[in-house]
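What follows is one structure encoded as structure tokens, with my remarks underneath.
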Amino acid sequence: MSAEEVLVCGAGITSFARTEDDGRQLAVRAVRSALADAGLPWSRVRAAYGGSDAAGNADTLVSELGLTGVPFINVRNGCATGGSALVSAVGAIRSGAADVALAVGFDKHPRGAFDPRPADWGLDEAYGRDGLMVTTQFFAMKIQRYMHDHGISARTLALVAEKAYANGVRNPHAWRRKPVDADEILASGMVNDPLTRYMFCSPGQGAVALILCNRAVADELEGIPVALRAAVVRTRRFGSFEVFSPWAPPGTPTSVSADAARLAFEEAGLGPGDIDVCQLQDTESGAEVMHMAECGFCEHGEQERLLPSGATAIGGALPVNTDGGCIANGEPIGASGLRQVHEIVQQLRGRAGERQVPGEPSTGFTHVYGAPGVSACTVLTR
């Protein structure tokens, strides 16, 4: 028996700007928006998966959405929470266990930096006491090595952030909606060399929901479905250099992002050269630079030429993070991965407004990376 085709038939998103709403309120709003977009009632959902890192249990959303008895599974998997919820919903459709499924991710983090506890990651308290739980240090160490090995300049890092803020201006849901030029970004104050203040995203808030269905249901709906050709999650292999595990054996580190991207492309039957628009994790500017190559969109070091040329801008050869990415939207952990998929769905539908990629894009890719070495990727087509 062949697997069912999986389509996104509804997509909902809230503003990612700071508001007084709590995370669950945002999630309910996103789910209702996705249902309205699909043209389906809540009672039609046959399976639901969702989660957050800091804003509560997703299954409690039924108190507001409706007590229909739907199986609702809580998911918590760090930065891959949204991607993991999506993979679960995809499995329900592909297996025939459900013909309509929900994936929802949401969060609302306190102001200030993330404050992970070493014990939650299997680490001794001394690890945190010595400052090794500070994520800005990890990202700086990783990009320092990459810049040394592949000839990437600090100005190229600034150009990534400049593009993010420019795209955020065009996105009504973004948190940061003011342009910032590369010179100001470089002068914004060093956090951990070479990363300055305006090169980082910030913990934030937001919610995204996707309604998935099989082909039979999609054919009955009036909207524009988008095919979800692949959705995968992978964890690190030996030899990787990861958040909260900042060491690596000699030689070139392995990459969980490269592993997840490769598998997603294999599952979809496509390659990086087939993609018209993509979303790459940009916890800070260096992440986007590295993930361009790790996901197969360029050779290592080629970013130094591609970014100044405008290749990754909305009108470029490979638009990246057209909604402003994490830098402009902030990072609500449970929602970020699904925000990426929401953006690709809107791009492939031709509904991205001022940030719409020209030329009617028909293929998209998303990638998220997080602690302690986990990555989720998707491939979508129109």
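Just so it is clear, the model here is predicted, and its values are computed rather than measured.
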How about [X]: does its [atom1] atom have over 12 heavy atoms from other parts shown lying under 6.0 Å from it?
| X | atom1 | result |
| --- | --- | --- |
| Glu266 | CD | yes |
| Arg197 | CZ | no |
| Arg234 | CZ | no |
| Glu64 | CD | yes |

field: Sequence-distant partners of Val169, side-chain contact (heavy atoms from CB on, under 4.5 Å), two or more places apart
entry: Pro179
What's the shortest heavy-atom distance between [X] and [Y], and which atoms?
| X | Y | answer |
| --- | --- | --- |
| Val8 | Leu380 | CG2-CD2, 4.2 Å |
| Ala264 | Ala230 | O-CB, 3.3 Å |
| Arg46 | Ala98 | CB-CB, 3.7 Å |
| Ser375 | Val368 | OG-O, 2.9 Å |
| Gly324 | Asn329 | C-ND2, 3.8 Å |

- prompt: For Asp53 and Arg76, what are the C-alpha separation, side-chain angles and deciding distance, and is it a salt bridge (charged side-chain N to carboxylate O under 4.0 Å, His left out)?
  reply: CA-CA 6 Å; Asp53 184 71; Arg76 188 182 181 197; 3.3 Å; yes
Quiz question: by atom type and distance under 3.5 Å, do the side chains of [X] and [Y] form a donor-acceptor pair?
| X | Y | value |
| --- | --- | --- |
| Asp274 | Thr363 | no |
| Tyr146 | Gln303 | yes |
| His367 | Ser257 | yes |
| Glu304 | Ser153 | yes |
| Thr378 | Thr366 | yes |
| Ser43 | Thr68 | no |
| Ser202 | Glu331 | no |
| Gln144 | Asn192 | no |
| Gln281 | Glu288 | no |
| Arg24 | Thr60 | yes |

task: Decide yes or no on salt bridge (charged side-chain N to carboxylate O under 4.0 Å, His left out) for Lys108 and Asp22, but give the supporting numbers first.
output: CA-CA 7 Å; Lys108 181 168 185 174; Asp22 66 32; over 6 Å; no
query: Quick one: side-chain hydrogen bond (donor to acceptor under 3.5 Å, both in side chains) partners of Gln137, sequence neighbours excluded?
result: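 With sequence neighbours excluded, Gln137 shows a side-chain hydrogen bond (donor to acceptor under 3.5 Å, both in side chains) to no residue whatsoever.
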message: Parallel, tilted or perpendicular: which one describes the rings of His291 and Tyr369, with boundaries at 30° and 60°?
response: tilted
Compute the centroid of each ring, for [X] and then for [Y], and state whether the two points are separated by less than 6.0 Å.
| X | Y | answer |
| --- | --- | --- |
| Phe265 | Phe365 | yes |
| Phe138 | Phe241 | yes |
| Phe244 | Trp121 | yes |

field: Step-by-step salt bridge (charged side-chain N to carboxylate O under 4.0 Å, His left out) determination, Asp21 to Arg29
entry: CA-CA 10 Å; Asp21 295 328; Arg29 192 176 307 149; 2.9 Å; yes
Nearest-0.5 Å distance that lies between atom CZ in Arg111 and atom CD in Gln205: 8.5 Å
Cys9 and Cys213, any side-chain heavy atoms less than 4.5 Å apart: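 Heavy-atom side-chain distance check passes, below 4.5 Å.
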- request: Apply side chain to side chain contact (heavy atoms under 4.5 Å, CB included) to Asn214 and Glu5, showing your working.
  value: CA-CA 6 Å; Asn214 63 16; Glu5 185 179 7; over 6 Å; no
